[in-house]
Amino acid sequence: MEEYTVTIEYHGVIEQTVTAENEEDAMSQAEDIAMMEIPLEVGEYTISVD
């Protein structure tokens, strides 16, 4: 397992470190975080994994 920093940008920024097997798994975790943290009225956001 590796640590990845995921950054979710919308009107604000969420940055978290996740532990995942690969970059694809980290992106999946970032999508889950976005769905829980970003308000429903936000129509667009971007996710990056480093």
Quick one: pull up [atom1] in [X] and [atom2] in [Y] and give me the separation to the nearest 0.5 Å.
X	Y	atom1	atom2	result
Glu15	Ile33	CD	CD1	11.0 Å
Glu23	Tyr4	CD	OH	6.0 Å
Gln16	Thr5	CD	OG1	10.5 Å
Asn22	Met27	CG	CE	11.5 Å
Thr19	Glu3	OG1	CD	4.5 Å

Check Ala20 against Asp25 and note the closest heavy-atom contact, atom names and distance. CB-OD2, 3.4 Å
Are [X] and [Y] packed together at the side-chain level, in the sense that at least one heavy-atom pair is separated by less than 4.5 angstrom?
X	Y	result
Ile47	Glu31	yes
Ile14	Thr7	no
Tyr45	Glu9	no

Side-chain donor or acceptor of Gln29 paired with backbone N/O of Val6 under 3.5 Å: no
Side chain to side chain contact (heavy atoms under 4.5 Å, CB included) evaluation trace for Ile38 with Ile8: CA-CA 9 Å; Ile38 296 176; Ile8 305 166; 3.5 Å; yes
